[in-house]
K.L.:
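Starting off with a structure, shown below.
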Amino acid sequence: MKRRCLLALCCTALSAPAAHAYTAGELLEDCRAAESIYAGEKSGDPLVAVRGGRCIAYVAGFADGYAVSDYLADKVGIRLNAFCLPRDDELSARLVRAVVIHVERVPPNTTMSTATLVAGALAKAFPCPETLEGRK
């Protein structure tokens with residue numbers, strides 16, 4: 001009986017739609033606010049700075065998390081190669097722009113997670129060079 005209840009609970013949890021604390025719509029609006037900050041636009045609304053900062057921090061944190069994963073994968077001989085960020089003084093603004101472009105192209109009520117959207121954006125904007133060699 002306990003097994004059936006546990007199985008039913010697991011199936012219900014797996015079939016329920018995923019709830020995301022940070023939605024695609026919020027990400028898009030936050031990153032648009034970040035773009036206005038990078039463009040030097042002044043706003044009397046203090047939420048613009050907060051929202052823009054949330055986008056910048058989320059995207060930078062995602063990129064840093066990927067870099068750690070890539071580093072650790074390389075230690076065991078695996079090449080992730082999902083995206084390759086250039087060394088660029090304007091990288092933060094370019095990351096934000098890539099996210100805005102990508103998220104604007106997805107359906108408005110997407111259920112994709114923000115992590116999936118950011119991964120897709122960075123993979124499209126910053127593809128790795130194709131190579132069959134391992135890292136050196």
Side-chain angles (χ1 to χ4, degrees):
M1 181 67 170
K2 286 183 184 180
R3 277 189 167 167
R4 278 193 219 156
C5 289
L6 184 57
L7 181 60
L9 180 61
C10 288
C11 289
T12 302
L14 292 175
S15 65
H20 303 291
Y22 192 29
T23 67
E26 290 170 325
L27 175 68
L28 179 58
E29 291 309 311
D30 290 354
C31 288
R32 285 178 177 159
E35 282 193 310
S36 73
I37 292 167
Y38 283 126
E41 297 171 12
K42 302 293 182 200
S43 173
D45 183 0
L47 284 180
V48 171
V50 172
R51 293 193 82 170
R54 182 165 73 160
C55 166
I56 294 165
Y58 185 85
V59 174
F62 182 93
D64 285 348
Y66 173 80
V68 169
S69 298
D70 194 39
Y71 172 80
L72 294 174
D74 187 50
K75 293 296 180 190
V76 294
I78 298 171
R79 187 166 189 190
L80 297 180
N81 219 29
F83 56 86
C84 294
L85 299 179
R87 295 189 188 279
D88 184 347
D89 292 339
E90 301 295 321
L91 183 58
S92 182
R94 290 179 64 195
L95 295 174
V96 168
R97 184 70 196 135
V99 170
V100 169
I101 290 168
H102 184 70
V103 178
E104 284 179 339
R105 293 180 179 160
V106 299
N109 294 325
T110 185
T111 58
M112 292 174 65
S113 72
T114 51
T116 301
L117 291 168
V118 171
L122 300 185
K124 286 181 182 176
F126 304 101
C128 295
E130 294 295 322
T131 178
L132 296 177
E133 301 176 19
R135 290 189 181 168
K136 297 184 177 156

K.L.:
Answer yes or no: does atom CD of Glu41 have more than 12 heavy-atom neighbours from other residues, nucleotides or ligands under 6.0 Å?
P.N.:
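For Glu41, atom CD is crowded (more than 12 foreign heavy atoms under 6.0 Å).
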K.L.:
Restricting to salt bridge (Lys or Arg N to Asp or Glu O under 4.0 Å), what partner residues turn up for Arg97, sequence neighbours left out?
P.N.:
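Checked Arg97 against salt bridge (Lys or Arg N to Asp or Glu O under 4.0 Å); matches are Glu35.
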K.L.:
Between Ala125 and Ala98, what is the shortest heavy-atom contact and its length?
P.N.:
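Distance-wise, the nearest heavy atoms are CB-CB, 3.5 Å.
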K.L.:
Output the distance between atom CD1 (Ile37) and atom CD1 (Ile56), rounded to the nearest 0.5 Å.
P.N.:
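Taking CD1 in Ile37 and CD1 in Ile56, the distance rounds to 5.5 Å.
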K.L.:
Extract all donor-acceptor atom pairs below 3.5 Å that involve side chains of residues 42-53 and protein atoms in other chains or at least two apart in sequence.
P.N.:
unit_1	atom_1	unit_2	atom_2	d
Ser43	OG	Asp45	N	3.1
Asp45	OD1	Leu47	N	3.0
Arg51	NE	Asp30	OD1	2.5
Arg51	NH2	Asp30	OD1	3.1

K.L.:
I'd like to know whether CG of Asp64 has more than 12 heavy-atom contacts from other residues, nucleotides or ligands below 6.0 angstrom.
P.N.:
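Atom CG in Asp64 is crowded, with more than 12 foreign heavy atoms closer than 6.0 Å.
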K.L.:
To the nearest 0.5 Å, how far apart are SG in Cys31 and CG in Leu95?
P.N.:
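Going from the SG atom of Cys31 to the CG atom of Leu95 covers 9.5 Å.
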K.L.:
Check whether any side-chain N or O of Thr110 sits under 3.5 Å from a backbone N or O of Pro107 as a donor-acceptor pair, and report yes or no.
P.N.:
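No; zero donor-acceptor contacts below 3.5 Å.
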K.L.:
Is it true that Leu91 and Val99 fall in one hydrophobic cluster, defined by side-chain heavy atoms closer than 4.5 Å?
P.N.:
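In one cluster with Leu91: Val99, yes.
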K.L.:
Rounded to the nearest 0.5 Å, what's the gap from CG on Asp70 to SG on Cys128? Could you check?
P.N.:
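Rounded to the nearest 0.5 Å, the CG-SG separation comes out at 7.5 Å.
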K.L.:
According to disulfide (SG to SG under 2.5 Å), does anything in residues 86-126 pair up with another residue at least two apart or in another chain? List the pairs.
P.N.:
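Of all non-adjacent pairs touching residues 86-126, none passes disulfide (SG to SG under 2.5 Å).
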K.L.:
Assess, by modelled atom type and distance only, whether the side chains of Tyr38 and Ser92 contain a donor and an acceptor separated by less than 3.5 Å.
P.N.:
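Looking only at side-chain atoms, Ser92 and Tyr38 do form a donor-acceptor pair, the distance falling under 3.5 Å.
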K.L.:
Checking Tyr66 side chain against Ala82 main chain: does a donor-acceptor pair fall under 3.5 Å?
P.N.:
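Looks like yes, one N/O pair under 3.5 Å.
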K.L.:
Just say parallel, tilted or perpendicular for the rings of Phe62 and Phe83, cut-offs at 30° and 60°.
P.N.:
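Rings of Phe62 and Phe83: parallel, under 30°.
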K.L.:
State plainly whether the residues Arg94 and Asp88 are in salt-bridge range, i.e. N to O under 4.0 Å.
P.N.:
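Yes, Arg94 and Asp88 are salt-bridged.
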K.L.:
Do Ile101 and Val118 sit in the same hydrophobic cluster, where Ile, Leu, Val, Met, Phe, Trp and Tyr count as joined when their side-chain heavy atoms come under 4.5 Å apart?
P.N.:
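The answer is no; the residues belong to distinct hydrophobic clusters.
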K.L.:
Under a 4.5 Å cut-off applied to non-hydrogen side-chain atoms, are Leu28 and Glu104 in contact?
P.N.:
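Leu28 vs Glu104: side chains touch.
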K.L.:
Closest heavy-atom contact between Glu26 and Ala21?
P.N.:
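The pair with the smallest heavy-atom distance is OE1-O, 3.6 Å.
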K.L.:
Can you tell me which residue among Val103, Thr23, Leu117 is in a side chain to side chain contact (heavy atoms under 4.5 Å, CB included) with Met112?
P.N.:
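The passing option is Leu117.
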